[in-house]
Novice: 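Sharing a structure, written as structure tokens. Questions coming.
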Amino acid sequence: MKDKYILIGIPGCGKSTLGKRVAENLDIPFIDLDKMARGKMDPEHQFIPMSYTSTSMFLNGLYKSMIEVSKLEGPAIIEAGAEAPLMPECATIMLEIGITIHVTRDIDKIIADIQKKEHRLILKEVNRGTIIDTEVEGVKLYAKELHKYEDMAILLFPNDGTEDEGVEMLTKIIKAISKQ
């Protein structure tokens, strides 16, 4: 029986927020795959997302973390981050061990939420003087990959209401699936 519920989707759609609270409601573990992967990196590269070395190490850590998660016994909510579902080797494991739930949210709402944050990484291009909001650009980049998330999703979960509404609905859905 597939007893792992793997939340996939673009950054800012609510995977972590919903996943933590739903896992708490169901009294099952919550696993953040990105955090696991960062923990497998050399400390000097953990917080340098733009370098080739740190990106390679992170992707390798994602794959190793996915293998580790696949060996865990019992149910869990797994927040897969944005990258892992796009990696064929990780996607294959996800589909073997659990039910992939594509959490969707209107991109304009995600960007509006990001822009409300006080602390975010804003860069200025030296040559052109252009301001780049890295989080907004990241969301736009992953939005181009929506079809890949949709292709591997067993369920689609629109996260368009309040956080409490999302948690309540996702909890009900997972409870219903686990009874089957």
Side-chain angles (χ1 to χ4, degrees), residues 4-23 30-41 45-66 69 77-95 97-125 130-161 163 166-167 169-170:
K4 310 251 183 307
Y5 304 93
I6 305 156
L7 306 180
I8 63 173
I10 67 172
C13 68
K15 300 178 301 290
S16 296
T17 302
L18 295 175
K20 287 176 192 173
R21 290 190 54 200
V22 170
F30 172 77
I31 300 167
D32 182 328
L33 202 62
D34 282 355
K35 281 186 182 176
M36 281 182 75
R38 280 192 298 277
K40 294 182 182 326
M41 294 172 64
H45 292 104
Q46 286 182 356
F47 303 103
I48 312 171
M50 296 299 183
S51 77
Y52 174 78
T53 302
S54 61
T55 301
S56 303
M57 291 174 71
F58 176 71
L59 296 177
N60 188 43
L62 274 176
Y63 179 62
K64 288 179 180 177
S65 298
M66 194 72 246
V69 166
I77 304 281
I78 301 163
E79 191 270 304
E83 281 288 337
L86 303 177
M87 298 171 58
E89 57 273 77
C90 287
T92 299
I93 295 170
M94 286 181 211
L95 293 170
I97 66 164
I99 296 169
T100 51
I101 302 171
H102 180 197
V103 180
T104 64
R105 189 159 178 248
D106 182 77
I107 292 171
D108 292 331
K109 288 181 183 179
I110 294 172
I111 290 173
D113 284 350
I114 290 170
Q115 291 172 335
K116 290 178 194 171
K117 287 182 178 180
E118 288 183 34
H119 304 288
R120 46 189 225 271
L121 182 58
I122 308 254
L123 303 174
K124 184 174 183 177
E125 283 187 84
T130 307
I131 302 296
I132 299 170
D133 186 321
T134 59
E135 286 185 71
V136 169
E137 291 306 311
V139 167
K140 290 177 181 177
L141 177 69
Y142 283 105
K144 293 177 183 175
E145 304 294 339
L146 276 176
H147 66 282
K148 292 180 182 176
Y149 297 110
E150 292 166 352
D151 289 347
M152 76 169 291
I154 303 297
L155 293 172
L156 180 68
F157 183 77
N159 184 23
D160 295 323
E163 180 181 324
V167 169
M169 184 58 69
L170 189 55

Novice: In the structure I gave you, are the side-chain heavy atoms of Ile10 and Ile107 within less than 4.5 Å of one another anywhere?
Specialist: yes
Novice: Using modelled atom types and a 3.5 Å cut-off, is there a donor and acceptor pairing between side-chain atoms of Tyr149 and backbone atoms of Ala82?
Specialist: yes
Novice: Are any non-hydrogen side-chain atoms of Phe58 and Asp34 less than 4.5 angstrom apart?
Specialist: yes
Novice: Check Ala80 against Pro85 and note the closest heavy-atom contact, atom names and distance.
Specialist: O-CD, 3.9 Å
Novice: Just jot down the side chain to side chain contact (heavy atoms under 4.5 Å, CB included) partners of Leu141, sequence neighbours excluded, or say none.
Specialist: none
Novice: Within this structure, what is the CG-NE2 distance for the pair Asp151 and His102, rounded to the nearest 0.5 Å?
Specialist: 10.5 Å
Novice: Could you walk me through whether Ile31 and Met36 satisfy the side chain to side chain contact (heavy atoms under 4.5 Å, CB included) test, starting with their C-alpha distance in whole Å, then the side-chain angles of each, then the deciding distance to 0.1 Å, before giving a yes or no?
Specialist: CA-CA 8 Å; Ile31 300 167; Met36 281 182 75; 3.5 Å; yes
Novice: Is any side-chain heavy atom of Ile99 closer than 4.5 Å to a side-chain heavy atom of Lys4?
Specialist: no
Novice: By the salt bridge (Lys or Arg N to Asp or Glu O under 4.0 Å) test, which pairs, at least two apart or in different chains, include something from residues 97-114?
Specialist: Arg105-Asp113, Asp113-Lys116
Novice: Please list, chain by chain and in numerical order, all residues satisfying salt bridge (Lys or Arg N to Asp or Glu O under 4.0 Å) with Glu89, sequence neighbours excluded.
Specialist: none
Novice: Do Ile78 and Met94 touch side chain to side chain, with heavy atoms closer than 4.5 Å?
Specialist: no
Novice: Look only at the side chain of Lys15 and the backbone of Gly9, and say whether a donor-acceptor pair between them is shorter than 3.5 Å.
Specialist: yes
Novice: Are any of the side-chain heavy atoms of Glu79 and Leu33 separated by less than 4.5 Å?
Specialist: no
Novice: Tell me, do Leu170 and Leu7 make a side-chain contact under 4.5 Å, heavy atoms counted?
Specialist: yes
Novice: Ile101 and Ile154: side chain to side chain contact (heavy atoms under 4.5 Å, CB included), yes or no, with the steps?
Specialist: CA-CA 6 Å; Ile101 302 171; Ile154 303 297; over 6 Å; no
Novice: Mind checking salt bridge (Lys or Arg N to Asp or Glu O under 4.0 Å) for Arg21 and listing every partner two or more places apart, or none if nothing turns up?
Specialist: Glu163, Asp164
Novice: Grab the two heavy atoms, one from Cys90 and one from Ala84, that are nearest each other, plus how far apart they are.
Specialist: CB-O, 3.3 Å
Novice: Taking only residues two or more places apart in sequence or in another chain, which ones pass salt bridge (Lys or Arg N to Asp or Glu O under 4.0 Å) with Asp160?
Specialist: none
Novice: Under the 3.5 angstrom rule, does the side chain of Asn159 hit a backbone N or O of Cys13 as a donor-acceptor pair?
Specialist: yes
Novice: Take Ile111 and Lys140 through the side chain to side chain contact (heavy atoms under 4.5 Å, CB included) test and state the conclusion after the steps.
Specialist: CA-CA 9 Å; Ile111 290 173; Lys140 290 177 181 177; 4.1 Å; yes
Novice: Is there side-chain contact between Tyr142 and Leu86, with at least one heavy-atom pair below 4.5 Å?
Specialist: yes
Novice: Might you work through the side chain to side chain contact (heavy atoms under 4.5 Å, CB included) test for Phe157 and Leu18, ending with a clear yes or no?
Specialist: CA-CA 11 Å; Phe157 183 77; Leu18 295 175; 3.8 Å; yes
Novice: Is the shortest heavy-atom distance from the side chain of Ile8 to the side chain of Val103 under 4.5 Å?
Specialist: no
Novice: Among all residues two or more places apart in sequence or in another chain, which pass the salt bridge (Lys or Arg N to Asp or Glu O under 4.0 Å) test with Lys148?
Specialist: Glu145
Novice: Which residue is it: Thr100, Thr92, Ile6? I am looking for the one with a side-chain contact (heavy atoms from CB on, under 4.5 Å) to Met152.
Specialist: Thr100
Novice: Can you tell me how far the OH atom of Tyr5 sits from the CD1 atom of Ile77, to the nearest 0.5 Å?
Specialist: 7.5 Å
